[in-house]
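Below: the structure, in structure tokens.
Throughout, protein chains are lettered first and strands after them, A, B, ... in sequence-line order, and every chain is numbered starting at 1.
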There are 2 protein chains.
Amino acid sequence: MYNSDVFRRISEKSSMMSKSQNKIAQFIINHPDTAPFLTASKLASRAGVGEATVVRFANFLGYRGYPEMQQHLQEAIKRQLTTVERLELSSEEYSEDEKVVYEILNDDIQNIKNTIQRIDPAEFKRAVQAIIEAERIYILAYRSAVSLGTFLEFYLDLVLQNTELIRSADGVSEHLLGIKEQDLVIGIGYARYTRRTVEVMKYAQEKGARTMALTDNLMSPLIPYADIKLLANSEISSFIDSFVAPLSIINALITTVTRKEQHKVKKRLADLEDLWATFHVFK
Amino acid sequence: MYNSDVFRRISEKSSMMSKSQNKIAQFIINHPDTAPFLTASKLASRAGVGEATVVRFANFLGYRGYPEMQQHLQEAIKRQLTTVERLELSSEEYSEDEKVVYEILNDDIQNIKNTIQRIDPAEFKRAVQAIIEAERIYILAYRSAVSLGTFLEFYLDLVLQNTELIRSADGVSEHLLGIKEQDLVIGIGYARYTRRTVEVMKYAQEKGARTMALTDNLMSPLIPYADIKLLANSEISSFIDSFVAPLSIINALITTVTRKEQHKVKKRLADLEDLWATFHVFK
DNA sequence: CATTATATGAAATATTTATTTCATAGTACA
DNA sequence: TGTACTATGAAATAAATATTTCATATAATG
């Protein structure tokens, strides 16, 4: 299985390589994330050898032809993509049962990493700006996503005092009836996208309000109705969707908004401190 | 530059896609590290459409042909490979402001990594067992932690139907008055630990119920009253605490409980599916 | 320094992959 | 319910890519 690994084969046979073959091997090793995408003739010219030599090189390593070698190079790159952080869960050290927790936490690390890749800084900036400029903010979240909505509402309302979470599932809330163009609606939608979230987003957009979606991918049904799109991955080895990466994005939103509005927020937080102290809210 | 991004183009045009084109878009988005390596015909069969439709899809997105689209998909994957590990925080590429989001997400990765280090598999196992054995489960969460509580309640109640979230801050809820030894109280407490959470945990333990704490460290005021202790880090460069790692632990809890109780849970989930279908809850 | 063996690349050929064509199925609209 | 319009995939054709051939260069051997 593993002897299919191109790099292993190269190192095994490196002593028997001709001058040109060495050039090719060198190129592949020095450009591991370019080589898998090249055609035989491109690889040839990049490595400075003839086309035929490349094909012979593949045969030399034991492949049936260049495409087979190419495929194995691609496999290697794919493994890299998916297992970056994979812990050694294979051993017998832990029972099936105990592995789950490690598996899930690693999946979630991967989710955040993939989310980082997909961040569009300009779009994120727009999201922050929209929150700051909004007169009122409505957060749409149903079912399990209510947890995310609750968190976002808690902090946005703490610092801006103009945020409200819409969670009742029946029809468009009365609160949204008077929605204005200066208002912002943030829809949170994952996996089994709740129909209601989509409907309300659509309604808000038709009313001319700004809309923002936090969802898992661009094919999500929320996307067509979102002026601002934030993506965060949610896949874990479970029957549930993970809200870890979206929550991290929310952390970032709250933090950035607060830093930008520091001058306004500072006094309010200080006042709150006094209030909390008076009522002994914290230990 | 960025308009070359396949995913962006897909989202821009997603509203004008036909049924088959949607299938293709769906496939590409759901298999971003497989799609770039497929030939037009393989992508066609994997997405369940004709070969010609794939070529037309590439044209539809504005590419001169399939190979051009493929190349752009490969670029995206290459970018990922080279940047996953290195943070883009060093350079002047991003403004102070744009860095925050990368900073926070990386902090959260670190939180999960540290949390993994601190997992005690035996203790985690006890936590799962306690949840399964409990007659009734009460979750204590106040203020921002309500979000975590909501999530945990949602799924535990979904699969076990014996869970309740206590969130009102005034005194000990009436629900807890009749608490028994076979019941379990799960307290979630972070940073500015709310006094109320601690008091209720103490009350529950005095009444003989089992107690479990999800908190950030062993010095947390919840710890003395917890029979079972789960730790998850929460520090990020912000004025708020991050619930990302605790949420990941909750993911793991829910997943493990559900897998262990599969025989009981399976039927219930199937029934729920029917119910949801009847009421068109999902898009 | 011949002589043989081996390696090499340009060009010819074979194979694979992409594109276009065309007949038909599916939709939208009157 | 018929008519026009659009979308679709199987098959034909075109283009790109891989492999083989063959003449020549290079190295190895006595």
Quick check: on DNA chain D, is the nucleotide nearest Gly48(B) upstream (toward 5') of the one nearest Ala58(A), or the reverse? Name the residue that is more 5'. Gly48(B)
Student check: side-chain heavy atoms of Val200(A) and Ile166(A) closer than 4.5 Å: no
Please work out whether the ring planes of Phe27(A) and His31(A) are parallel, tilted or perpendicular, with thresholds of 30° and 60°. parallel
Distance in angstrom units between Leu43(B) CG and dT19(C) C1', rounded: 15 Å
Calculate the interatomic distance between Phe57(A) atom CZ and dG9(C) atom P; express it in whole Å. 14 Å
Going 5' to 3' through nucleotides 11-18 of chain C and flagging B where a protein heavy-atom sits under 4.0 Å of the base, S where only the sugar-phosphate is that close, and - otherwise, we get ------SB
For dG26(C), does either OP1 or OP2 sit under 4.0 Å from a side-chain N or O belonging to Lys19(B)? no
Below 4.0 Å: OP1/OP2 of dA7(C) and any side-chain N or O of Ser20(A): no
Return the value, rounded to whole Å, for the distance between atom NZ of Lys23(A) and atom C1' of dA7(C). 12 Å
Please determine if a side-chain N or O atom of Ser18(B) lies less than 4.0 Å away from the OP1 or OP2 oxygen of dT8(D). yes
Using a distance-only criterion (donor-acceptor N/O pair, under 3.5 Å, no hydrogens), is the base of dT21(C) paired with the side chain of Arg56(B)? yes
With a 4.5 Å limit on heavy-atom distance, are the side chains of Thr215(A) and Ile188(A) in contact? no
Phe37(B) vs Phe37(A), test: ring pair (Phe, Tyr, Trp, His ring centres under 6.0 Å). Steps then yes/no. CA-CA 8 Å; Phe37(B) 301 106; Phe37(A) 302 105; 5.4 Å; yes
Is it the case that the side chains of Tyr193(A) and Asp216(A) hold a donor-acceptor pair, with the cut-off being a distance below 3.5 Å and no angle test? yes
In whole angstrom, what separates Phe60(B)'s CZ from dT6(D)'s C1'? 13 Å
Whether His72(B) and Tyr63(B) hold their rings parallel, tilted or perpendicular, with breakpoints at 30° and 60°: tilted
Find out whether Ile116(A) and Ile109(B) are in side-chain contact, i.e. whether some heavy atom of one side chain is under 4.5 Å from a heavy atom of the other. yes
Across the strands shown, which category fits Val49(B) at heavy-atom distances under 4.0 angstrom: base, sugar-phosphate, nothing? sugar-phosphate
Just the rounded figure in Å: distance from P of dT8(D) to CE of Met17(B). 12 Å
Look at the side-chain N and O atoms of Thr53(A) and state whether any lies under 4.0 Å from the OP1 or OP2 oxygen of dG9(C). yes
